[in-house]
Protein chains: 2
Amino acid sequence: MTSSDLQEQLNIKAINLLQEDANKIEKLIEVQMENLATRYCPLYEEVLDTQMYGFSREVDFAVRAGLVPEFTGKQVLSKLERNLAVLYEALNKKAEEREM
Amino acid sequence: MTSSDLQEQLNIKAINLLQEDANKIEKLIEVQMENLATRYCPLYEEVLDTQMYGFSREVDFAVRAGLVPEFTGKQVLSKLERNLAVLYEALNKKAEEREM
């Protein structure tokens, strides 16, 4: 194997690992979205924030270690952040409805 | 460069990055140890816990991405955990003294 083959292999592996972890967070967001009306769990937000923090540290490490381009790292993170923002907006709306 | 040279280079880079981040947490622990008697800040524990969590995610990623052997990753983490345990013991002792 040449060194550029190896670099490519390691890069693909790293991106796949990050995508796996992003999917887990995505799943958490989906579950909470589905349960908005029925079972609201306030701990969910804290769990999601912690997961997001851990994930951002993973992405940052992958970029610094030269496995993932900075742009790709930012893209993966910001996609998750957008979905999280949609969830939080929905949660806030629900909270306001409960207060009425 | 051969692929084994590249692998070695990436591994060294990854370990150096982890060591850098471990040193930052080490520094936080030291500062809090030095300030035990004078300025106790209860937020410090939360900051350290968060930093430790983020760091453990980095280490885990480095191991999964094939950059760092599992044994090395565990070593770096458990060294930090031991230092953290010493700090928490000292903090508890201080708290007990204050209560007397």
Side-chain angles (χ1 to χ4, degrees), chain A residues 1-29 42-81 84, chain B residues 1-29 42-81 84:
Chain A
M1 184 163 40
T2 67
S3 65
S4 66
D5 285 345
L6 175 68
Q7 181 77 61
E8 201 190 327
Q9 210 180 70
L10 289 172
N11 293 1
I12 291 173
K13 192 175 184 183
I15 289 177
N16 285 343
L17 286 171
L18 290 182
Q19 201 52 58
E20 244 175 58
D21 292 346
N23 289 346
K24 279 183 207 154
I25 299 179
E26 203 66 72
K27 191 78 208 162
L28 286 174
I29 295 175
L43 273 180
Y44 233 92
E45 287 185 45
E46 195 150 334
V47 171
L48 276 170
D49 282 344
T50 307
Q51 291 291 321
M52 278 298 284
Y53 169 71
F55 184 64
S56 74
R57 291 287 297 261
E58 270 181 47
V59 171
D60 183 60
F61 180 81
V63 171
R64 288 190 295 154
L67 296 179
V68 172
E70 199 174 337
F71 177 74
T72 311
K74 276 192 183 148
Q75 256 187 332
V76 180
L77 267 180
S78 66
K79 186 172 170 260
L80 269 183
E81 275 160 8
L84 208 56
Chain B
M1 183 162 41
T2 69
S3 66
S4 65
D5 284 345
L6 174 67
Q7 182 76 61
E8 202 190 325
Q9 207 180 72
L10 289 171
N11 293 0
I12 291 174
K13 192 175 183 183
I15 291 180
N16 285 343
L17 285 172
L18 291 181
Q19 201 52 60
E20 240 175 61
D21 291 347
N23 289 346
K24 278 183 208 155
I25 300 180
E26 204 68 71
K27 191 77 208 160
L28 286 174
I29 296 175
L43 273 179
Y44 234 91
E45 288 186 43
E46 195 149 332
V47 171
L48 276 170
D49 282 347
T50 306
Q51 290 292 321
M52 277 300 284
Y53 169 71
F55 184 63
S56 74
R57 292 289 296 263
E58 270 182 46
V59 171
D60 183 60
F61 179 81
V63 171
R64 289 190 295 154
L67 295 180
V68 173
E70 200 175 336
F71 176 74
T72 311
K74 276 191 184 150
Q75 257 188 330
V76 179
L77 268 180
S78 64
K79 186 172 171 259
L80 268 184
E81 275 160 8
L84 209 56

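Just so it is clear: chains get the letters A, B, ... in the order the sequence lines come, proteins before strands, and each one is counted from 1.
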Review point. Is there a donor-acceptor contact under 3.5 Å from the side chain of S3(A) to the main chain of M1(B)?
Key: yes

Check your understanding: More than 12 heavy atoms of other residues, nucleotides or ligands under 6.0 Å from CD of Q75(A): is that the case?
Key -> yes

Revision key, fill the gap. Those residues at least two apart in sequence (or on a different chain) that pass side-chain contact (heavy atoms from CB on, under 4.5 Å) with N16(B) are I12(B)

Check your understanding: How many angstroms lie between atom CG of L67(A) and atom CG of L67(B), to the nearest 0.5 angstrom?
Key -> 5.0 Å

Revision key, fill the gap. On a heavy-atom basis, the closest approach of F61(B) and A62(A) is CE2-CB, 3.6 Å

Check your understanding: Residues of residues 18-29 of chain A under 4.5 Å from chain B (heavy atom pairs)?
Key -> L18(A), E20(A), D21(A)

**Study point:** Qualifying residues under salt bridge (charged side-chain N to carboxylate O under 4.0 Å, His left out), relative to E70(B), sequence neighbours excluded
**Key:** K74(B)

Practice item. Would you mind checking which part of T50(B) comes under 4.5 Å of any heavy atom in chain A, side chain (CB onward), backbone (N, CA, C, O), both or neither? Key: both

Study note, to complete from the structure: The side-chain contact (heavy atoms from CB on, under 4.5 Å) partners of D60(B) (sequence neighbours excluded) come to R64(B)

